[in-house]
Protein chains: 2
Amino acid sequence: MSVVPRQTTNAPGDPAAAAPERKLTARGRERRSQLIDYATKRFADDGFHPTSVADIVDGIGVGKGVFYWYFSSKEELFTEILRTAQTDLRRTQRKAIGGIDDPVRRIEEGIRAGALWMANNPDLRRLFEFARTDESFVKAIRIGQRRHVADAVEHLQAAIDAGLIPDRDPVALAHGILGVTNQLTMTYLDGAGGGATKRSAEEVADLVVSICRNGFAGE
Amino acid sequence: MSVVPRQTTNAPGDPAAAAPERKLTARGRERRSQLIDYATKRFADDGFHPTSVADIVDGIGVGKGVFYWYFSSKEELFTEILRTAQTDLRRTQRKAIGGIDDPVRRIEEGIRAGALWMANNPDLRRLFEFARTDESFVKAIRIGQRRHVADAVEHLQAAIDAGLIPDRDPVALAHGILGVTNQLTMTYLDGAGGGATKRSAEEVADLVVSICRNGFAGE
DNA sequence: GGCGGCCTTGACCATCCGGTCAAGTTCGTG
DNA sequence: CACGAACTTGACCGGATGGTCAAGGCCGCC
């Protein structure tokens with residue numbers, strides 16, 4: 001008969017786009033992640049804008065209302081995907097450098113873990129890449145990127161303080177590392193790198209570490 | 001009265017999307033570049049998909065037919081913008097390393113010129129960035145990127161052969177340089193870099209060169 | 001076994017989108 | 001001044017698109 005009111009009041013200060021925040025049963029949680037998984041693939045394959053809500057629900061074989069039961073908008077879904085992915089990437093990197101003391105090795109293993117994550121999650125990598133170019137999502141992605149850079153800067157600064165690497169702007173270095181990782185994983189692991197042979201994820205990760213460490217002239 | 005037939009036959013072998021290829025008067029050429037300029041700005045500010053043809057013609061204050069007089073589709077316009085920009089970037093870099101003999105300095109000045117171009121053409125840089133993420137345009141951008149990488153590889157290989165830099169995969173290095181350039185120009189020159197102070201184009205160019213040359217550990 | 005909340009349906013809506021086209025205007029040339 | 005080609009107009013079209021909602025089915029719990 002009656003339907004639960006659609007508009008969940010946002011926590012004040014949260015400017016726009018909030019999740020419906022419903023009580024979900026096991027079945028509901030499963031449906032929700034099914035939507036997320038399928039949408040991730042479609043967004044990565046066809047792009048965010050060209051993928052319609054109808055495409056997503058039709059692909060799963062459910063009615064359109066299902067989508068809006070779990071997400072308040074297409075944008076909200078996408079933001080949710082981004083947030084989850086950024087959290088996962090960060091956790092992966094933290095875990096990878098867990099037991100390591102030497103700052104330089106922490107940096108290197110962090111880079112390697114980042115590159116491997118990109119290699120193992122090509123869809124999410126593509127979504128990051130797109131999100132940076134779309135005004136509606138830059139903000140969301142900047143939050144995670146800032147954290148990401150801050151993590152790297154911490155270790156770079158430690159290495160500088162210990163006299164293990166030259167004293168250069170660690171923030172710029174961190175961004176440089178990010179740029180190399182993105183570009184090389186894209187080139188060698190996504191479809192058709194520009195005149196480059198295919199390589200395994202590990203080879204690419206080693207390549208990324210080597211280039212970040214030495215540049216073209218170093219050593 | 002009668003209207004010139006709309007569909008210009010493509011040069012055979014050209015798969016899709018070709019320009020109308022009309023005879024343009026001075027007035028026509030001006031209108032055409034007005035459309036290109038305005039569309040570039042809108043695409044860069046609002047994104048390709050969110051910007052409609054109606055937005056473009058309304059922004060200029062002309063009828064919709066004007067657009068389709070000069071371009072056969074929105075996609076064709078965008079591809080044209082990309083192609084022109086890539087050509088311009090390449091020419092700028094070639095010119096910058098014109099009179100230089102030392103391979104290492106050629107590399108460095110090429111990098112600097114690339115970074116400066118990105119800094120001076122933020123709209124076009126954003127369009128590149130987006131085009132890499134959209135299936136319809138990857139192909140177009142790959143062509144230019146391949147050329148771009150090939151240019152860099154040539155100089156890197158020369159430097160390796162002359163024993164001026166260590167013998168490492170020049171293709172990977174070229175992509176690394178590209179990644180650093182994109183990331184740093186975006187961070188420091190576009191809106192709101194992640195917790196980073198604003199810098200001049202020249203400072204950023206120097207930063208890019210330094211990082212590409214030495215990595216985080218080099219020298 | 002029935003009640004109430006979670007979940008699903010799919011027709012429907014207002015709007016917008018890329019693209020077409022018949023008709024009209026501008027302008028250089030002969 | 002006349003003619004034809006270059007250019008412009010703006011109503012119009014078929015088909016999305018994101019999002020809504022009244023209605024009904026499912027299911028766990030008392």
Side-chain angles (χ1 to χ4, degrees), chain A residues 1-8 16-36 38-39 42-43 46-79 134 136-137, chain B residues 1-8 16-36 38-39 42-43 46-80 134 136:
Chain A
M1 208 72 39
S2 70
V3 171
V4 185
R6 229 35 70 141
Q7 205 60 342
T8 316
E21 228 180 290
R22 300 180 194 285
K23 270 188 154 187
L24 299 183
T25 66
R27 180 190 171 195
R29 281 191 298 274
E30 208 162 319
R31 181 69 86 200
R32 197 180 126 94
S33 55
Q34 184 189 18
L35 281 161
I36 289 179
Y38 187 76
R42 295 303 300 262
F43 287 158
D46 305 336
F48 172 77
H49 292 294
T51 301
S52 68
V53 175
D55 287 338
I56 294 167
V57 294
D58 288 355
I60 293 183
V62 296
K64 208 182 227 182
V66 170
F67 185 94
Y68 290 95
W69 180 259
Y70 295 100
F71 306 99
S72 62
S73 71
K74 208 176 106 175
E75 270 75 19
E76 197 234 314
L77 202 212
F78 192 74
T79 307
D134 191 298
S136 320
F137 303 118
Chain B
M1 220 73 28
S2 70
V3 172
V4 184
R6 229 34 71 142
Q7 203 60 343
T8 315
E21 227 180 293
R22 299 181 196 284
K23 268 188 158 187
L24 298 183
T25 65
R27 178 191 171 194
R29 282 191 298 273
E30 209 163 318
R31 181 68 87 201
R32 196 180 128 94
S33 55
Q34 184 190 19
L35 281 161
I36 289 179
Y38 187 78
R42 295 302 302 259
F43 288 157
D46 305 336
F48 172 77
H49 291 294
T51 301
S52 69
V53 175
D55 287 338
I56 295 167
V57 294
D58 288 355
I60 293 185
V62 295
K64 209 182 226 183
V66 169
F67 185 94
Y68 289 96
W69 179 261
Y70 294 99
F71 307 100
S72 63
S73 73
K74 208 176 104 173
E75 271 76 17
E76 197 234 314
L77 201 214
F78 192 74
T79 307
E80 160 87 17
D134 191 297
S136 319

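A note on names: the letters A, B, ... follow the listed sequences, proteins ahead of strands, and every chain is numbered from 1.
- With contacts defined as side-chain heavy-atom distances shorter than 4.5 Å, the pair A:I56/A:F43 qualifies.
- Residue-level contact check: B:V66 touches the bases, meaning some heavy atom is under 4.0 Å from a base atom.
- When heavy atoms are screened at a 4.0 angstrom cut-off, B:Y70 is found touching the sugar-phosphate backbone but no base atom.
- In this structure, the salt bridge (charged side-chain N to carboxylate O under 4.0 Å, His left out) partners of B:R32, at least two apart in sequence or on a different chain, are B:E80.
- Between B:T25 and the phosphate of D:dC7, there is a side-chain N or O to OP1/OP2 separation shorter than 4.0 Å.
- Here D:dT8 presents its P atom at 11 Å from CZ of B:R22, a figure rounded to the nearest Å.
- Going from atom CD1 of B:I56 over to atom C1' of D:dT9 covers 18 Å, rounded to whole Å.
- Residue B:R31 places at least one side-chain N or O under 4.0 Å from the OP1 or OP2 atom of D:dT8.
- One can place CG of A:D58 at 11 Å from C1' of C:dG10, the figure rounded to the nearest angstrom.
- Contact of the A:I36 side chain with the A:Y70 side chain is not registered, since no non-hydrogen atoms from C-beta on lie closer than 4.5 Å.
- Looking at heavy atoms from C-beta onward, B:L77 lies out of side-chain contact with B:F48 at the 4.5 angstrom threshold.
- In this structure, B:R29 places its CZ atom 13 Å from C1' of C:dG28, rounding to the nearest Å.
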Expected string for nucleotides 11-19 of chain C under the B/S/- scheme (protein heavy atoms, under 4.0 Å, primed atoms plus P, OP1, OP2 as sugar-phosphate) is ------SBB

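- With a 6.0 Å radius and a threshold of 12 heavy atoms from other residues, nucleotides or ligands, B:E30 has its CD atom at or below the threshold.
- Rounded to whole angstrom, the span from the CZ atom of A:F78 across to the P atom of D:dG18 amounts to 14 Å.
- Between B:E30 atom CD and D:dT8 atom P the separation is 11 Å, expressed in whole Å.
- The OH atom of B:Y38 sits 8.5 Å away from atom OG1 of B:T51, with the distance rounded to the nearest 0.5 Å.
- The interatomic distance linking B:R32 (CZ) with D:dA6 (P) rounds to 15 Å, in whole Å.
- When the options B:I60, B:L35, B:V62 are evaluated for a side chain to side chain contact (heavy atoms under 4.5 Å, CB included) with B:F67, the one that passes is B:L35.
- To the nearest angstrom, P of C:dT8 lies 9 Å from CH2 of A:W69.
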